[in-house]
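So the structure is just underneath, and the comments pick up after that.
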Amino acid sequence: MSQEVASQPSANIPAGLEPENELIQARLDKLQRLREQGIDPYPPRVARTHTTAQAITAFESAADGTAPINVQLAGRIISWRLMGRSLFAHISDSTGRVQLYFKKDDLGEESYEHLKHDFDIGDFIQVSGYMFRTKTGEVSGHITAYRLVSKSLHPLPEKWHGLKDVETRYRQRYLDLIANEEVRKIFIARSRVVTAMRHFLDDRGFLEVETPILQPLYGGASARPFETYHKALDRKLFLRISDELYLKRLIVAGLDKVYEIGRDFRNEGIDTKHNPEFTMMECYQAYADYTDMMELTESMVAFIATQVLGATKITYQGQEIDLRPPWPRYTMRDIILKYSGVDIAVSTTLESLRAAMREQNLKEADAGPTWGKQVDEIFKAYVEPHLSGPAFVMDYPVELSPLAKRKPGAPLLVERFEAFVGGFELANAFSELNDPLDQRERFLDQGRQQAAGDEDAQPLDEDYIQALMVGMPPTGGLGIGVDRLVMVLTDQASIREVILFPQLRT
RNA sequence: GGGCGCGUAGCUCAACUGGCAGAGCAGCUGACUCUUAAUCAGCUGGUUGAGGGUUCAAGUCCCUCCGCGCUCACCA
């Protein structure tokens, strides 16, 4: 408790950096030694002529090793093999890794001792020398001079087994990325997915836009929002649950093809397919309908797969899936009939639907409160698990889709589809509702559902109705869950494996 | 929120029906001038997630809490 006892350890360590164990203490000791030698362990600049990959390529492409390939390299030390008067190490950078060879004869006694005693795995080092090939065939750098460029004070995960603990992997993702090559590949793939998506949309003439994340009113999806507060305006704001209503305002505005790739926030549970913040691509195309969006979806996904993986054939959790267009299309009615025996075109009321379910011996346990919700329940329970896909399921109950246009000749349905790959929803799209009066009615119906206890019902957005009154052309809209697309393309079962910093407690 | 499982050294993992908390890697000391999971000798390293209980004795059994995973519910 007393000051004398509490502040005992190493006077040269700043408060807050007390060593938690001897491994850190050993590195702090080295740091101290370096400073005593007048060496700055964190110099402001580093010099290098080649990345690790460039150094190796330069050597290999040199015609006949007559002229030496001189290089200056820099990177993180990831392995260290001391063999008496010589020493091998590997350094890595984002382009790869290269082996370094140090010899006492080349460096001199003092320099070699400094190297031996003051460096650790994890440190960043700058070296200069020339490239050569070892007896065992590895292209390496023969180092004649070196310099510390950043001292590491915390040990890295073990070299062979790497870092496996899931919680540490998520909480200290930097360690995960350093230690686990496969993880790095997933996030590189993720970046390429987004790049390919942009290319595809840009090539088709879509304009990338940005719309508000902080919104006075949320909408565009059935979900509970996060709330926040703006002090200067003294008002409640919501984090968006979708981009939809703003993007359609831009269709009204005459920007005929727009898209946005951005973060949405939904105040809901967390599981292997849901993170409270996630990335959504939404695009809207004037003078198009939902069939155009189907073509857009399958073409885009196939293009992205080809760009990122080099093929449209993928394996997802053991299932072989070919994303090559065209994807099979099923009406919701047909596919429900196929897997459950219930015909929702015949059973068009909640009562008759439940009767038909009893007839087919389907459990009614989670019976929906309305016809549309019951249809959704049947679909999720009996159809969705079969949809390894890719597949389009089209023509949804109107009640579930307050922003979609009604299907001509089918009063209970709207022109909407969802795309399924690997057994879960990847995309959602519809012919956008552009009738302002019908839209108002749909919002009012949502209000009734909310009054009946549905927390996810969408609030009436008068400002959006007003935009529709100005006039929106027939328009097709599409949303693709980017995280889920990355899951499918990288064969990951959990959304946390494709989000760098997934939501965790505390 | 419910059910099931997990939490041991910096990392990866052991520890039988309760019986002295261990190994490999990493670290430290030494040997070794083409190694690559280098090798060899020696040494150090623990609030067994936290708190309580049962017991002569708890990593192990019981309770509460924290965290993580899977799953159901909820939810696109």
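Chain letters run A, B, ... following the sequence lines, proteins first and then strands; every chain starts at 1. Keep in mind that what you see is a predicted model, and the values were worked out from it rather than measured.
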Q: Return the orientation label for the A:His386 and A:Tyr339 ring planes: parallel under 30°, perpendicular over 60°, tilted otherwise.
A: parallel
Q. Looking for any heavy atom pair under 4.0 Å, which part of the strands does A:Ala179 touch: base, sugar-phosphate only, or nothing?
A. nothing
Q: To the nearest Å, give me how far apart CG (A:Asp271) and P (B:C74) are.
A: 12 Å
Q | Atom pair distance, as rounded to whole Å: CZ in A:Arg171 and P in B:G7 | A | 17 Å
Q.
For the C1' atoms, the ones on B:G46 and on B:A14, what distance do you get once it is rounded to whole angstrom?
A. 15 Å
Q | Any side-chain heavy-atom pair of A:Lys373 and A:Gln449 under 4.5 Å | A | yes
Q.
Could you check, using the six-membered ring where one of them is a Trp, whether A:Tyr218 and A:Tyr246 have ring centers closer than 6.0 angstrom?
A. no
Q) What nucleotide among B:C68, B:C75, B:C11 has an atom nearest to a side-chain atom of A:Leu163? A) B:C11
Q.
Could you check whether any side-chain heavy atom of A:Arg416 comes within less than 4.5 Å of a side-chain heavy atom of A:Asp395, counting everything from C-beta outward?
A. no
Q | Between CD1 on residue A:Ile143 and CZ on residue A:Phe102, distance to nearest 0.5 Å | A | 5.5 Å
Q: Between B:G67 and B:C75, how far apart are the C1' atoms? Round to whole Å, please.
A: 23 Å
**Q.** Integer angstrom distance from the C1' of B:G59 to that of B:U47
**A.** 13 Å
Q. When you compare B:G69 with B:A58, how far apart are their C1' atoms, in angstrom units rounded to a whole number?
A. 26 Å
Q: Considering only atom P, compute the distance from B:C63 to B:G3 and round it to an integer number of Å.
A: 12 Å
Q: Would you classify A:Gly479 as touching base, sugar-phosphate or nothing, given that sugar-phosphate means primed atoms plus P, OP1 and OP2, and contacts are heavy atoms under 4.0 Å?
A: nothing
Q: Pick the P atom in B:U71 and in B:C56, then give their distance to the nearest Å.
A: 44 Å
(Q) Taking B:A31 as the reference, what is the distance to B:C13 when you measure between their P atoms (whole Å, please)? (A) 35 Å
**Q.** Contact pattern, 5' to 3', of nucleotides 22-35 of chain B - B, S or - by protein heavy atom under 4.0 Å
**A.** --BBBSS-S-BBBB
Q: Could you work out the separation of B:A21 and B:U12 based on their P atoms and round it to a whole Å?
A: 24 Å
Q: Go ahead and write out RNA chain B as dot-bracket, 5' to 3': ( ) for pairs within the strand, [ ] for ones crossing earlier pairs, | when the partner sits on another strand, dots for unpaired; Watson-Crick or G-U wobble, both distances under 3.5 Å.
A: (((((((..((((.....[..)))).(((((.......))))).....(((((..]....))))))))))))....
**Q.** Closest nucleotide among B:G69, B:C75, B:C11 to the A:Tyr170 side chain
**A.** B:G69
Q. Base, sugar-phosphate alone, or nothing: which one does A:Glu268 contact when heavy atoms must sit under 4.0 Å apart?
A. sugar-phosphate
Q | Rounded distance (Å) that lies between atom P of B:A73 and atom CG of A:Asp376 | A | 13 Å
Q: State, with a plain yes or no, whether a side-chain heavy atom of A:Phe119 is found less than 4.5 Å away from one of A:Trp80.
A: yes
**Q.** Sugar-phosphate, base or nothing in reach of A:Thr168, heavy atoms under 4.0 Å
**A.** nothing
Q) Between atom CD in A:Glu377 and atom C1' in B:C72, what is the gap in whole Å? A) 13 Å
Q: Report the distance from atom NZ of A:Lys164 to atom C1' of B:C68, rounded to the nearest whole Å.
A: 17 Å
Q) Sequence neighbours excluded, which residues qualify as side chain to side chain donor-acceptor pair (under 3.5 Å) partners of A:Glu295? A) A:Arg204, A:Ser299
**Q.** Atom-to-atom span, CG of A:Leu28 to C1' of B:G10 - whole angstrom
**A.** 14 Å
Q. How long is the line joining CD of A:Glu167 and C1' of B:U8, in whole Å?
A. 15 Å
(Q) Test ring pair (Phe, Tyr, Trp, His ring centres under 6.0 Å) on A:Phe430 and A:Phe392; report intermediate values, then the result. (A) CA-CA 12 Å; A:Phe430 27 89; A:Phe392 290 119; over 10 Å; no
Q: Report the residue (A:Arg484 or A:Asp165) whose heavy-atom-nearest nucleotide on RNA chain B is the more 5′ of the two.
A: A:Asp165
Q) For the residue pair A:Phe132 and A:Tyr101, does the interplanar ring angle fall in the parallel (under 30°), tilted (30 to 60°) or perpendicular (over 60°) class? A) tilted
Q: Would you verify whether the NZ or CZ of A:Arg76 falls within 45 degrees of the ring axis of A:Phe124 while also being under 6.0 Å from that six-membered ring's centre?
A: no
Q: Report the distance from atom CZ of A:Arg496 to atom C1' of B:U71, rounded to the nearest whole Å.
A: 12 Å
Q) Going by the angle between their ring planes, with limits at 30° and 60°, are A:Tyr464 and A:Phe443 parallel, tilted or perpendicular? A) perpendicular
